[in-house]
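Reading through the structure tokens given below for one structure.
To find a chain, count down the sequence lines: A is the first, B the second, and so on, and within it residues start at 1. The structure presented is a predicted model; accordingly, all values stated were derived computationally and were not measured.
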There are 2 protein chains.
Amino acid sequence: MNSDDRNGIDYSMLQSRLGYKLRRAQLVYFDVFFEACAQEGITPGLFSILAIIYHNPGLTQSAVSAALDVDRSAMVAAIDKLESMEVVERRKSKNDRRSYALYLTSKGKTFTERLNRKVVAGEEGFDTFMKEGEREWLLDILDRIIAARQNK
Amino acid sequence: MNSDDRNGIDYSMLQSRLGYKLRRAQLVYFDVFFEACAQEGITPGLFSILAIIYHNPGLTQSAVSAALDVDRSAMVAAIDKLESMEVVERRKSKNDRRSYALYLTSKGKTFTERLNRKVVAGEEGFDTFMKEGEREWLLDILDRIIAARQNK
DNA sequence: TATTGTTATACTCTATAACTATA
DNA sequence: TATAGTTATAGAGTATAACAATA
């Protein structure tokens, strides 16, 4: 329980830690996510941007960077790349001529939906390791942990 | 449920994803872990090395890097740092003069134990968001997800 | 003055390749 | 030949600071 793992190494101090297991479990899902993205020629970070714009068309670059909690300087190359793939377009904002409003092209919408289906399908492969109702319970408890951070 | 989050942005495609919630929940715990380490002047990566050596004294650098799944070249600067802090020491291996056997100094043992207590205490702050028995259930389901990866 | 997008820059983490000394 | 530790180097990813245009 608190000693051996896969290779004769004793992971005690790490193994018993909930944070450590959350990290390793998250990496399992991340591999699936990463692989699905890679097949379509993008990265998880770029997919996150597409997902935000898909559901919130017209946001500025700064708004997207704030939503994803990365610096706005990081958005420049990211949007450049997505524009070169013709899945996102910058439209000059009319009310504020400093900023762009971001939209998915129709190709971008199709692309994002296909990618999303692929990721969902990949994750479903792990549902077989959960019993009836466990998935909902897991999502619920993760929500409580996430909410706990906001309450400091 | 599948729309708004903290700031009026719709995170649907990400929010519904189990991988995404695992990541965010993990980040909550990681913040605690990171903060506890920072107070002692190290990083989570260095603590992982200390934890491995604590329970497996005498391992070589390559064995530790394999246990933590990082490249052995990354171990050089890490062990240099831990040696300069006088918490780890390299001893020349007698059977194989190419390699070092790694040990914690007595200062290193005390250091690692104190840090471990600090991390455990930090994590316990989140136990209040779980009901009786939920923590064990969560650890169990995470183990199953982690094991699922090994079964390809 | 403050903010948007941008650029230049730096820092961390990690991986690859090549070297040396051993095996 | 293969392996352990090392070094140099390069690639992500991300952060800071400064600048021009605009608010």
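- Side-chain N/O atoms of A:R90 include one lying less than 4.0 angstrom from OP1 or OP2 on C:dT6.
- Ring orientation note: the planes of A:F33 and A:F30 are nearly perpendicular, at an angle over 60° on the 30°/60° scale.
- Residue contacts for B:D80: at a heavy-atom cut-off of 4.0 Å it reaches no nucleic acid atom on any strand shown.
- Separating the CZ atom of B:F30 from the C1' atom of C:dC13 is a distance of 11 Å, rounded to the nearest angstrom.
- When each of B:V64, B:L59, B:T60 is checked for a side-chain contact (heavy atoms from CB on, under 4.5 Å) with B:S62, only B:T60 meets the rule.
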Exercise for the section: List the steps and the verdict of salt bridge (Lys or Arg N to Asp or Glu O under 4.0 Å) for A:D80 and A:R90. Expected result: CA-CA 9 Å; A:D80 283 352; A:R90 288 171 165 109; 2.9 Å; yes
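- Within 6.0 Å of CZ on A:F34 lie no more than 12 heavy atoms contributed by other residues, nucleotides or ligands.
- Distance A:Y100 OH to C:dT3 P: 20 Å, rounded to the nearest Å.
- Distance, A:I49 CD1 to C:dG5 P: 13 Å, rounded to whole Å.
- For the pair B:K92 NZ and C:dA21 P, the computed distance is 12 Å after rounding to whole Å.
- Panel note: side chain B:Q26, backbone A:Q26; no donor-acceptor pair is recorded below 3.5 Å.
- Side-chain N/O atoms of A:R97 and base N/O atoms of D:dT22 include no donor-acceptor pair closer than 3.5 Å.
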Got a list of protein N/O to nucleotides 16-20 of chain D N/O distances below 3.5 Å?
from	atom 1	to	atom 2	distance (Å)
D:dT16	O4	A:S73	OG	2.9

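- Ranked by how close their nearest DNA chain D nucleotide is to the 5' end, B:A101 and A:P44 are led by B:A101.
- At a threshold of 4.5 Å between side-chain heavy atoms, the hydrophobic network of Ile, Leu, Val, Met, Phe, Trp and Tyr places B:L27 and B:I9 in two separate groups.
- Atom-to-atom, NZ of A:K81 to C1' of C:dT6 comes out at 20 Å; the value is rounded to the nearest Å.
- Among C:dT7, C:dC13, D:dA2, the nucleotide with an atom closest to any side-chain atom of B:R98 is D:dA2.
- In this structure, A:Q61 atom CD and C:dT3 atom P are separated by 17 Å, rounded to whole Å.
- A continuous path of Ile, Leu, Val, Met, Phe, Trp and Tyr side chains, each step under 4.5 Å between heavy atoms, connects A:M75 with A:M85, placing both in one hydrophobic cluster.
- Not one side-chain nitrogen or oxygen of B:S62 sits closer than 4.0 Å to the OP1 or OP2 atom of D:dT3.
- At whole-Å resolution of the value, CG in B:N95 and P in D:dA4 are 13 Å apart.
- Summarising the geometry, the separation between NZ on A:K94 and P on D:dT22 is reported as 17 Å, rounded to the nearest angstrom.
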